[in-house]
**Q** 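Can you keep this structure in mind? I'll have questions shortly.
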Amino acid sequence: MKQRGPGGDKPLTRRPGAGEGAARRSEPASTKPKIDKANANDQALDAIIAADKREALKLAPVSHETEVRLDRYIALLREWQAKTNLVAPSTLPRLWTRHIADSLQLVDLAPSAKRWADLGSGGGFPGVVLACAMAGTPGASVHLVERIAKKAAFLREAIRVSASPGVVHLAEIGDNVDRITGPVDCVTARALAPLHQLIGFAEPLMRQGAKALFLKGQDVEAELTDAAKYWNIQPQLYQSRTGDGWIVELTSVERRG
């Protein structure tokens with residue numbers, strides 16, 4: 001209830017004591033703690049990737065030394081991914097199973113191969129992964145062919161930080177034979193082109209003795225049917241350990257007509 005003064009019109013007011021008003025004005029306004037959403041999101045992604053890594057290394061075990069190299073590679077990829085699209089953003093939580101383990105399984109399909117050629121290396125799958133796995137093998141080398149300059153720059157840095165035996169060629173995919181010197185044991189490609197085109201890219205290397213291992217998706221049967229229109233092939237199929245995809249192995253090819 002308001003109390004009124006002698007005149008009955010104005011409410012009574014109390015003057016603040018000495019320094020009281022100043023004290024009230026100097027009190028800081030209450031604020032809610034700020035939440036760094038970007039940092040929280042990064043930490044959540046770190047935890048998801050760490051769990052995915054554990055699953056991936058069950059599918060494709062590696063030595064401690066190889067794991068360290070792969071860790072350096074993945075750290076670099078996540079850093080560059082912010083400015084250069086190296087992998088589909090939706091696959092970042094499954095970097096290890098979707099990309100690393102998927103690439104590592106090729107080693108078991110060519111256990112004696114030391115010299116590899118990866119056509120259209122892009123973000124480094126499977127080329128950089130193979131180089132990390134081959135680092136402890138005497139005489140090993142991986143040729144990574146990439147036509148986009150930014151991605152080629154990333155591949156060179158990935159080979160450097162992981163201390164792996166790789167050579168990056170900035171070139172059109174069809175120019176790989178002129179740039180790759182020395183014998184190649186195995187030629188590979190992932191998410192690059194339809195199978196009949198991949199065979200055309202790889203055929204010069206296969207003619208010199210290389211076998212091919214191509215990572216393909218669920219529509220592999222349709223791609224094989226289409227490739228048979230252009231090439232005489234006898235493919236061997238292996239189901240991927242990491243999903244619904246397939247690996248096509250070719251030891252020889254011959255152009256039709």
Side-chain angles (χ1 to χ4, degrees), residues 36-110 116 118-135 142 144 146 148 150-151 154-155 157-159 161-162 164 166 188-195 198 213-220 223 237-249:
D36 189 340
K37 292 183 178 180
N39 186 54
N41 289 339
D42 286 345
Q43 290 179 353
L45 183 58
D46 288 345
I48 293 171
I49 290 176
D52 184 60
K53 174 184 174 181
R54 290 191 290 272
E55 292 302 313
L57 294 183
K58 291 177 185 177
L59 295 170
V62 297
S63 67
H64 174 70
E65 292 77 11
T66 297
E67 182 181 344
V68 170
R69 293 186 188 95
L70 291 170
D71 279 333
R72 292 172 183 166
Y73 165 45
I74 287 295
L76 182 73
L77 185 145
R78 291 183 63 187
E79 178 186 338
W80 278 59
Q81 178 72 13
K83 54 186 178 181
T84 303
N85 189 34
L86 298 170
V87 297
S90 61
T91 67
L92 283 173
R94 298 186 62 228
L95 272 172
W96 280 85
T97 51
R98 179 72 179 271
H99 299 298
I100 298 292
D102 194 51
S103 300
L104 283 172
Q105 63 185 323
L106 298 182
V107 176
D108 290 339
L109 296 178
W116 294 73
D118 181 33
L119 308 182
S121 295
F125 307 106
V128 173
V129 178
L130 293 172
C132 289
M134 292 285 109
V142 181
L144 300 97
E146 175 54 47
I148 298 175
K150 284 185 178 180
K151 291 183 177 180
F154 166 74
L155 294 170
E157 184 65 5
I159 290 296
V161 300
S162 64
S164 299
T188 186
R190 181 176 187 258
L192 176 63
L195 185 59
L198 288 181
L213 291 172
F214 298 132
L215 291 146
K216 304 302 295 183
Q218 297 181 47
D219 58 349
V220 65
E223 290 201 42
L237 291 182
Y238 302 93
Q239 188 163 16
S240 174
R241 301 175 193 168
T242 62
D244 298 327
W246 295 84
I247 301 165
V248 179
E249 178 182 300

**Q** Quick one: are Phe125 and Leu77 in side-chain contact, heavy atoms under 4.5 Å?
**A**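 Yes, at least one pair of side-chain atoms sits under 4.5 Å.
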
**Q** Using side-chain heavy atoms (C-beta onward) and a distance below 4.5 Å, is His99 in contact with Arg190?
**A**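 Touching, per the 4.5 Å side-chain cut-off.
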
**Q** Quick check: does any side chain N or O of Gln81 sit under 3.5 Å from a backbone N or O of Leu86, one acting as donor and the other as acceptor?
**A**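 A pair under 3.5 Å: yes.
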
**Q** Is there a side-chain contact between Asp102 and Ser240 (heavy atoms, below 4.5 Å)?
**A**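 Side chain of Asp102 against side chain of Ser240, heavy atoms only: contact under 4.5 Å found.
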
**Q** Is any side-chain N of the basic residue among Lys53 and Asp71 closer than 4.0 Å to the acidic one's carboxylate O?
**A**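 Salt bridge present between Lys53 and Asp71.
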
**Q** Please check: side-chain N/O of Arg241 versus main-chain N/O of Leu59, any donor-acceptor pairing under 3.5 Å?
**A**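 Indeed, once roles are kept as given, a pair shorter than 3.5 Å links the two residues.
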
**Q** Does atom CG (Asp108) have a neighbourhood of more than 12 heavy atoms from anything else shown, all under 6.0 Å?
**A**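 Counting neighbours around CG of Asp108, more than 12 heavy atoms of other residues, nucleotides or ligands fall under 6.0 Å, so yes.
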
**Q** Between CZ of Arg72 and CD of Glu67, what distance do you get to the nearest 0.5 Å?
**A**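 Rounded to the nearest 0.5 Å, the CZ-CD separation comes to 11.5 Å.
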
**Q** Taking only residues two or more places apart in sequence, or in another chain, which ones meet Arg78 in a salt bridge (charged side-chain N to carboxylate O under 4.0 Å, His left out)?
**A**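 Applying salt bridge (charged side-chain N to carboxylate O under 4.0 Å, His left out) to Arg78 gives Asp46.
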
**Q** Atom CG of Leu144 and atom CG of Leu130: how far apart are they, to the nearest 0.5 Å?
**A**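 It is 8.5 Å, given to the nearest 0.5 Å.
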
**Q** Which value, rounded to the nearest 0.5 Å, describes the distance between Arg54 atom CZ and Lys58 atom NZ?
**A**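 The distance works out to 8.0 Å.
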
**Q** Looking only at non-hydrogen atoms, find the nearest pair between Gly120 and Glu146 and report the distance.
**A**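 Closest heavy-atom pair between Gly120 and Glu146: C-OE1, 3.7 Å.
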
**Q** Using side-chain heavy atoms (C-beta onward) and a distance below 4.5 Å, is Leu70 in contact with Trp96?
**A**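 Touching, per the 4.5 Å side-chain cut-off.
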
**Q** Which atom pair, heavy atoms only, marks the closest approach of Ala189 to Leu198?
**A**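 Here Ala189 and Leu198 meet closest at CB-CD2, 3.8 Å.
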
**Q** Are any side-chain N or O atoms of Thr188 and backbone N or O atoms of Leu213, one a donor and one an acceptor, separated by less than 3.5 Å?
**A**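 It does hold such a pair.
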
**Q** Can you name the closest pair of heavy atoms from Ala131 and Ile159 and give their distance?
**A**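 Result for this residue pair: CB-CD1, 3.9 Å.
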
**Q** For the residue pair Val107 and Met134, establish whether any side-chain heavy-atom pair is separated by less than 4.5 Å.
**A**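 The answer is yes; the side chains approach within 4.5 Å.
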
**Q** Which class fits the ring pair Tyr73 and Phe154: parallel under 30°, tilted 30 to 60°, perpendicular over 60°?
**A**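 Ring orientation of Tyr73 relative to Phe154: tilted.
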
**Q** Where do Val142 and Gly127 come nearest, in terms of heavy atoms and distance?
**A**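 Heavy atoms of Val142 and Gly127 come nearest at CG1-O, 3.6 Å.
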
**Q** Roughly how far, to the nearest 0.5 Å, is the OG atom of Ser121 from the CD1 atom of Ile148?
**A**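 Rounded to the nearest 0.5 Å, the CD1-OG separation comes out at 11.5 Å.
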
**Q** Do Leu106 and Ile247 pass the side-chain contact (heavy atoms from CB on, under 4.5 Å) test, and can you show the C-alpha distance, the side-chain angles, and the key distance before you say yes or no?
**A** CA-CA 8 Å; Leu106 298 182; Ile247 301 165; 4.0 Å; yes

**Q** Got a second to check how far Leu104's CG is from Ile100's CD1, nearest 0.5 Å?
**A**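 Interatomic distance, Leu104 CG to Ile100 CD1, rounded to 0.5 Å: 6.5 Å.
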
**Q** Under 3.5 Å, side chain of Glu223 to main-chain N/O of Leu195, donor-acceptor pair present?
**A**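 Such a contact is found between Glu223 side chain and Leu195 backbone.
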
**Q** Just wondering, do Val248 and Val220 contact through their side chains at under 4.5 Å, heavy atoms?
**A**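 Side-chain contact under 4.5 Å: yes.
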
**Q** Within this structure, what is the CH2-CD distance for the pair Trp246 and Gln218, rounded to the nearest 0.5 Å?
**A**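 That separation rounds to 10.0 Å.
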
